[in-house]
Amino acid sequence: MNQNIRYCIRLSLILLFALAVTAGTCLAATYNLRTGTVTKTMPDGLVVTMWGFGLDSYDLGAGGGLVLVNGPIQVPGPELTVPPGDTALIVNLTNNLTVPVSIVIPGQTPAAAGVATAMTPVWVEWQAAPPSWVVKTMAVPGTRNAGDVTSRVRSLDKETAPGGTVTYEWIVQPGTYLYKSGTHMQIQVPLGLYGAMKKNVLDAAPPARAQAYVYPPPSTNPPVEFDVEQVLLYSEVDPTLLGAVRDNKYGVDCAAAPCTMTSAIDYHPQYYLINGEPFSAGRSPIPIGAFAPTPQTTLLRLLNAGNEDYVPTLLGPYLTVVAENGKAYPFAKQQYQVFLSGGKTVDALLTPVAEGYLPLLDRRGHLNNAAGTPGGLLAYLTVPNAAPVTLTVNVAGTGTGKVQVTSLPGGIDTSVPDPVNPLVMNVSEAYNPNTVVALTATANNGSAFRGWSGGLAGNQNPAYITLAAVTTITATFDLTPPLTVMTPNGGQLWRRGSIQSIIWNYAGNLGPNVKLELYRDNGAGGLGALQTTIKASVSIGTNGVGFFSWRVPTAIPTAPTYRVVVRSISNPTVFDASDGVVRFR
Amino acid sequence: MKRPKEIITLMLGVMVVLTLPGTALAAIQGVTGPSFTLTAKTGFITVDDGTIIPTWGFANGTGLMQYPGPTLIVNQGDLVSVALTNQLTVPVSILFPGQQGVVATGGVPGLLTNEAPPAGTVTYTFTAGEPGTFTYYSGSQPELQFEMGLVGVLIVRPTGQPKRAYADPATAFDREYLFFLSDMDPLIHKKVQQGFGATINQSSAWPICWFINGRAGLDTIAPAFDPIMPYQPYSAVALMHPGEKVLLRMVGGGRDAHPFHVHGNHHKVIARDGRQLKAGALDISEGAFTTTVAPGQTHDALFTWTGAGQGWDVYGHTASDPLAPGESADDHGLAFPTILPDIKDLLPGPLYPGSPFLGGSGSLPPGEGGFNPWGAFPFMWHSHNEKELTSADIFPGGMLTWVLIVPPGTLPAE
């Protein structure tokens, strides 16, 4: 998907956009981005509408001509990689939103035709009729007129109007940077208009090592080298803000009054994302460089596109922190965690000392999905084994439920449909050999977990398994009977005339009352003749449990054995009897 | 526990306790290893305004829960073992960030490490390979459990060098103090106590209490193991002679970063996360008057105070007097820069000993003074986020303590 089309500006623009630009700078990385909306489903089921970027690229079509491929809108936006030899980055931004947008990259130099230039902020002023903010044309574009104290900046740089396409250019230096909307930033950035931009000093084909940075003086150390790299982009979701914007209820002058959120002062994120996803049991570990045969060094590019500060903390080897804000320190520092404030980027090297899983958690405690836990900013980095073993989990039976790996390193959640075949209720994950995981079965309402089969036996829940080899496990869920007699359920010997408890569970809508009956046992595990009606109508109970105090009649013959039946009055075919026999004396 | 006006009583208390014969002045209270037995259990901590916060914490063995947990002190190279028994109703575990090769024995697999289920146990073992200041905290629903108080400090001393932070002689110190900086949202604790722990949305956490070594100011300067605070045994007051090198072990224990600010002099941050700030032989330590201590992060810093830069001789020496121990020669013999008014025209504060000079004393109006018998110079050390100098909206409180510069010869060697 990530097509980095490296053309000269002139070539790319004439060929792809036919804009009348006469610039002559070659060696620019060019990306065609498109804004739009995208929905994301949080682990608790909440669906939020975000704004994001999609990558438009050109592939050779079947007929040999260039075919435009519209990449999906995504949050974070596509990684913009600038090859080491390129001096500039060009983004052709097409805006499919209903408001103007722009792109800024803090730390990089805005340019036009290969020459550094100032940004041109867009100023707006309030007008009374119709009440709205309107763009104010300044004498010097981008600069507020002398004496004007009422205009406000809406965009830090030139805007792309809805439906329009505008070209942005930067002279880029190596490092890790955030690109994001420069328009109405307190709204557009939290909505999802952000992504990572990166450039190395030197790329290399393995086993040669790429170089991320050159240490500045007074350091004389060799450049920062790595084998593999991994972007970890932190951000957050405030469902209240996203909902207000989606429903046109944001702002003091929102289009669909009443306005539910009047300003970003009420910004209050509830979900926390790494590379666009909060932690959930089904999230696969993130692979990094291997340990064997030669330990590979991974460059972790940590970015925070959110407004909160985060403290990614690694449980395992130390991080070698080499750069901050896209600038290398003269001397790297050894730390097990990184203070990643809002808008910050930090680069750190990680060289494993063993195979396994390295948890990366936010020590500020953003490990929740709203009131749900675990969630948020937890990820597992995998130092992979060359021969992983696969665990497959199936769900079977008449009932429904889910199975999750609820211990390090996660990776399985059968409630998340298989993206390839949503009807197949099994999921697989490859694990390093001898990984120990906890499997937790959770039955849906109306179902009950019955037990494990395949690689596990019994009904222990959670169950722990050491994955020594490829394993398939089936969890069976049965429908819970709508009525279940709990007491007496067999084995009782009740004295006639005593007061005894009849207790039953119920599920679903069976009406307000049940009927209690006493049957003789038929000697074959079933019901014989009706002995007596214990109670013609009694409340079905509360919260799934019903209860009746019965004075056992003194006239009941003691010789036969009996079973108690609880029967729905509104639906008499729904009933349950004691599993075993009851006797009287 | 203490109302603001009782500060002077506390100051006096510090003095009295420290002058009692045989009182241990071990500046960092803790438990020496390498084998530890910790129990996770409940307790109650008190904040200076009288608020009582239900808390979870680690106890040393069968002792009381304490906040922060026992400071575990080991030597480099020790095979450390921490056996955790869980008396809470939820699983508990311990993470040791920065330690390599931590092996968990027993318990059940959890999200970050093996956990001790309720009434269960788990044991963690690792070799303390490198010296430094570290922290430990629960790895079971950590966002709730470190808030509840399941946090502590691990100190690893360099091999054969008990008076150094690291092997490097440049990290030698005369005295050391711990500054464990943490925060709490009492509402979360009350919800947990009332059984609504599962309904807490951690995104709404809003700390209103701040602590140094588990105590809110001005309890910070009460003596260690003060019986009125049974769950908060660790003092946070620092005492030093002029010229001594004092090691500050600053540890982030809450959910927010706290800017720790020292008065009296700058400090030099020599290590972060238990790794000395050195690039080969090159010293890359950083001078600072405020160090932002992120949650879970540790900083080691050296602080000294000689009276240099005051512009007057803090001892009231004349140029021909010999230098006092630890005194800077820079300001030696410089005159006091003002003429003291007659004592009858002064309204002295309770800490004024009748003399502006270190260790000095003089006549005072009847009933005044007496709370600074050493003639010490107190300097406030505190969070530079001034909001954190409160406890539940009441000033003074929170992340607030003092260093007392006491005259040479007052304290025994550490």
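If you're wondering where the values come from, they're calculated on a predicted model, not measured in any experiment. In what follows, chains carry the letters A, B, and so on, assigned in the order in which the sequence lines appear, proteins first and then strands, with residues in each chain numbered from 1.
- Looking only at distances, a side-chain donor or acceptor of B:Q100 sits under 3.5 Å from a matching main-chain atom of A:G316.
- Using a 4.5 Å heavy-atom cutoff, the side chains of B:L277 and A:K333 are in contact.
- Other residues, nucleotides and ligands place no more than 12 heavy atoms under 6.0 Å from the CZ atom of B:F289.
- Using a 4.5 Å cut-off between heavy atoms, A:T406 contacts chain B through its backbone alone, with no side-chain atom that close.
- With hydrogens and angles ignored, the 3.5 Å screen pairs a side-chain donor or acceptor of A:Y318 with a backbone N or O of B:D273.
- Proximity to chain B among residues 358-371 of chain A is limited to A:P359, A:L361, A:R363, A:R364, A:G365, A:L367, A:N368, A:A370, A:A371, judged by heavy-atom separations below 4.5 angstrom.
- The side-chain heavy atoms of B:L95 and A:L315, taken from C-beta on, include a pair separated by under 4.5 Å.
- Within the 4.5 angstrom heavy-atom criterion, only side-chain atoms of A:F279, from C-beta onward, approach chain B.
- Looking at A:P269, the atoms closer than 4.5 Å to chain B (heavy atoms on both sides) all sit in the backbone: N, CA, C or O.
- Looking at B:L111, the atoms closer than 4.5 Å to chain A (heavy atoms on both sides) sit in the backbone and in the side chain alike.
- Around CG of A:N221, the count of heavy atoms belonging to other residues, nucleotides or ligands within 6.0 Å exceeds 12.
- B:Q202 and A:T373 form no side-chain donor-acceptor contact under 3.5 Å, judged by distance and modelled atom types alone.
- Formation of a donor-acceptor pair under 3.5 Å by the A:Y336 side chain with backbone atoms of B:Q99 is not found in this model.
- By the 4.5 Å heavy-atom criterion applied to side chains, B:Q297 and A:V311 are not counted as neighbours.
- Ranked by heavy-atom pairs under 4.5 Å with chain A, the list B:A257, B:A205, B:S204 is led by B:S204.
- Highest contact tally toward chain B, considering only A:E236, A:Q334, A:Q335, is held by A:Q335 [criterion: heavy-atom pairs under 4.5 Å].
- For a residue to count as touching a neighbouring chain, one of its non-hydrogen atoms must lie under 4.5 Å from one of that chain's; by this rule B:L282 touches chain A with the side chain only.
- The neighbour count for A:K344 NZ, taken as heavy atoms of other residues, nucleotides or ligands under 6.0 Å away, is above 12.
- With a threshold of 4.5 angstrom between heavy atoms, B:A198 approaches chain A through N, CA, C or O but not through any side-chain atom.
- Side chain of A:Q337 to main chain of B:P295: a donor-acceptor pair is present (N/O by atom type, distance under 3.5 Å, no hydrogens or angles).
- Within residues 303-310 of chain A, no residue has any heavy atom less than 4.5 Å from a heavy atom of chain B.
- Heavy atoms of A:Y357 lying under 4.5 Å from chain B are absent altogether.
- Contacts with chain A were tallied for B:T298, B:T199, B:D256; B:D256 has the most, counting heavy-atom pairs under 4.5 Å.
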(request) I would like to know whether A:Y271 and B:S203 meet side chain to side chain donor-acceptor pair (under 3.5 Å); could you show each step before the answer? (result) CA-CA 8 Å; A:Y271 299 87; B:S203 296; over 6 Å; no
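- Note on A:A438, A:P409, A:S219, A:P317: by heavy-atom pairs under 4.5 Å with chain B, the leading option is A:P317.
- Atom CZ of B:R275 and atom CG of A:L319 lie 11.5 Å apart (nearest 0.5 Å).
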(request) Would you sort out whether A:V436 and B:N114 count as a side-chain contact (heavy atoms from CB on, under 4.5 Å), showing the intermediate values? (result) CA-CA 10 Å; A:V436 182; B:N114 275 27; over 6 Å; no
